[in-house]
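To keep things clear, I will list the structure first and then write my remarks on it.
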Amino acid sequence: MINALTPLPEPPKRVLIVKPSSLGDVVTALPVLRGLRRTHPDAHIAWLISTTCSDILKNDPDIDELIYFERKKLGKCWRSPQAFAALLNFKRQLKRGCFDWVIDLQGLARSGIFTSWTKAPLRAGFAGVREGADRFYNRRIEVQAKHTVDRNIELARSLGIDAQPEDMTLSVPPAAEEFVKNFQQTHGLACRDYLICVPPTRWKTKLYPVRYWQRVIADISARLPIVLLGSPAPDEMQLCNKVAKGLGQEVINAAGQTGLAEMVALIAGSRGVICCDSAAKFIAPAVGVDAITLIGPTKVELTGPYLKGKALIGDVACQGCLKKKCSHVTCMQAISPNDVIAAALEMLKLEE
């Protein structure tokens with residue numbers, strides 16, 4: 001077992017970052033990628049990524065290779081011969097990569113197993129992670145930082161990687177930039193002259209009430225056009241339809257009309273973002289845009305806004321419970337629409 005104090009081996013020629021999902025977590029791992037490229041400019045850098053998140057890293061200048069993890073397909077390996085064969089091919093692909101270093105930033109049993117399949121001489125990850133993933137590492141690293149971005153940076157630095165907070169950056173592909181130009185032209189928008197609102201988020205307990213969204217958007221859209229974003233998932237499109245119902249032409253419901261790259265580009269071209277606790281709160285600062293994040297069941301010190309932006313937190317005794325199910329969700333209802341409007345006007349530098 002290599003411990004965190006053992007001298008590092010020779011500089012790596014081939015490195016694999018294991019961070020399949022989720023979208024926000026992928027963005028928080030970007031400082032490791034940027035630091036790796038700066039520290040080892042000639043290394044071949046690969047990233048193991050879920051197919052559902054991969055578009056956000058396509059054409060990234062610091063990545064030489066994306067290794068795709070098809071979670072839905074491979075998850076059927078116990079009952080489908082075809083899926084089992086695909087899993088074996090995936091295992092062989094990881095071993096054929098001949099990686100010198102593998103850095104597991106996911107810290108789950110699944111990602112730990114993938115790390116071990118590479119047979120890399122150095123397999124690093126967080127010590128004491130969930131599901132016993134660290135038993136698959138030969139370099140277990142204890143970190144003291146609380147915030148997920150800082151934890152990733154601390155782990156990277158223990159490997160001699162020059163990772164910095166300002167390295168959490170996303171690039172916008174030319175095709176996505178062209179999409180935004182066409183979108184702005186179609187809807188009569190100017191660059192940096194619209195606000196993005198993202199009502200959907202993965203946990204139901206993180207959702208802001210529809211009636212509150214409507215009050216916020218009705219007020220702000222009288223001053224500045226608003227674009228609603230959400231994925232093509234039926235529940236997200238339905239939510240955005242409910243939020244947009246009855247609002248004026250200054251509210252453009254683009255839910256389901258963008259892929260990840262286009263979503264990033266629309267955010268990059270905006271004046272700011274209002275979102276629940278979702279990937280948008282990290283995407284915005286990664287493209288240099290301010291964001292207001294509405295936070296209820298999660299802990300701001302662990303996964304709150306980073307670098308830029310502001311958190312509005314539900315002021316209730318159980319705030320930060322980390323529950324995905326709740327009978328009352330008082331925390332999200334405790335965030336006043338008036339407070340959201342005031343914070344937005346301050347962010348946008350608009351008068352009340």
Side-chain angles (χ1 to χ4, degrees), residues 16-33 47-58 60 63 66-75 103-115 125-126 129-131 133 146-153 155 168-170 198-208 229-237 239 255-256 258-264 267 273 275-287 291 293-300 302-307 309 311 320 322-325:
L16 174 65
I17 296 172
V18 178
K19 190 67 170 177
S21 60
S22 60
L23 183 59
D25 291 343
V26 170
V27 178
T28 65
L30 287 169
V32 181
L33 170 67
W47 191 307
L48 194 158
I49 183 84
S50 168
T51 50
T52 59
C53 298
S54 59
D55 281 357
I56 205 166
L57 295 183
K58 281 183 179 177
D60 190 288
I63 296 177
L66 290 176
I67 297 178
Y68 298 103
F69 169 51
E70 299 181 81
R71 180 176 179 178
K72 287 186 177 180
K73 180 179 179 180
L74 298 183
I103 305 171
D104 180 11
L105 299 175
Q106 193 78 28
L108 297 175
R110 179 177 60 241
S111 61
I113 291 171
F114 297 161
T115 299
F126 296 104
V129 287
R130 293 177 293 167
E131 301 179 2
K146 288 187 176 182
H147 197 282
T148 183
V149 181
D150 293 328
R151 288 174 61 82
N152 290 333
I153 290 172
L155 185 148
M168 196 178 80
T169 59
L170 274 169
V198 189
T201 185
R202 293 178 65 189
W203 297 9
K204 289 185 178 181
T205 52
K206 294 180 183 180
L207 292 172
Y208 198 47
L229 291 182
S231 80
D235 58 334
E236 295 200 8
M237 293 182 65
L239 174 60
T258 68
L260 292 182
E262 292 79 18
M263 179 185 74
V264 171
I267 290 175
V273 173
C275 60
C276 298
D277 190 357
S278 66
K281 75 173 184 285
F282 291 133
I283 292 172
V287 292
T293 306
L294 313 179
I295 293 182
T298 51
K299 296 183 178 181
V300 68
L302 303 182
T303 57
Y306 195 80
L307 291 181
L322 299 178
K323 291 182 179 179
K324 296 183 180 181
K325 293 183 179 180

Next on the checklist: Would L57 and L66 count as a side-chain contact (heavy atoms from CB on, under 4.5 Å) here? Give the steps.
Outcome noted: CA-CA 8 Å; L57 295 183; L66 290 176; 4.1 Å; yes

Item to check | Step-by-step side-chain contact (heavy atoms from CB on, under 4.5 Å) determination, V26 to W47 | outcome: CA-CA 10 Å; V26 170; W47 191 307; 3.9 Å; yes

Next on the checklist: Can you confirm whether the side chains of T298 and D277 place a donor and an acceptor under 3.5 Å from each other?
Outcome noted: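 Distance-only check passes for T298 and D277.
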
Item to check | Between E70 and T51, a side-chain donor and acceptor under 3.5 Å | outcome: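 No, no side-chain donor-acceptor contact under 3.5 Å.
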
Checklist entry - Between the main-chain N or O of K204 and the side-chain N or O of K325, is there a donor-acceptor pair closer than 3.5 Å? => result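 A pair under 3.5 Å: no.
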
Checklist entry - Backbone N or O of A233 within a donor-acceptor pair of the E236 side chain at under 3.5 Å? => result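 Checking the backbone N and O of A233 against the side chain of E236, no donor-acceptor pair under 3.5 Å is found.
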
Below 4.5 Å, heavy atoms only, C-beta onward: do [X] and [Y] meet side chain to side chain?
X    : Y    : value
I56  : V27  : yes
S278 : R202 : no
T293 : P305 : yes
I283 : L170 : yes
I17  : L33  : yes
W203 : P297 : yes
L105 : D25  : no
L48  : K19  : no

If you compare all heavy atoms of [X] against all heavy atoms of [Y], which two are closest, and at what distance to 0.1 Å?
X    : Y    : answer
S50  : S21  : CB-CB, 4.4 Å
A280 : P285 : O-CD, 4.5 Å
I267 : A284 : CG2-CA, 3.8 Å
G112 : D104 : N-OD2, 3.5 Å
P20  : I49  : O-CD1, 3.6 Å

Atom pair [atom1]/[atom2] of [X] and [Y] - distance to nearest 0.5 Å:
X    : Y    : atom1 : atom2 : value
R110 : F69  : CZ    : CZ    : 4.5 Å
L16  : T115 : CG    : OG1   : 7.0 Å
S231 : L23  : OG    : CG    : 10.5 Å
R130 : Q106 : CZ    : CD    : 8.5 Å
F282 : L307 : CZ    : CG    : 10.0 Å
K58  : L260 : NZ    : CG    : 9.5 Å

Checklist entry - According to the interplanar angle, ranging from 0 to 90°, do the rings of Y306 and H147 count as parallel (below 30°), tilted (30 to 60°) or perpendicular (above 60°)? => result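 Correct class here is tilted.
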
Next on the checklist: What verdict does the side-chain contact (heavy atoms from CB on, under 4.5 Å) test give for L207 and L239, after you've listed the backbone C-alpha separation in whole Å, the side-chain angles of each residue and the deciding distance to 0.1 Å?
Outcome noted: CA-CA 10 Å; L207 292 172; L239 174 60; 3.9 Å; yes

Item to check | L108 vs F114, side-chain contact (heavy atoms from CB on, under 4.5 Å): CA-CA, chis, key distance, verdict | outcome: CA-CA 10 Å; L108 297 175; F114 297 161; over 6 Å; no

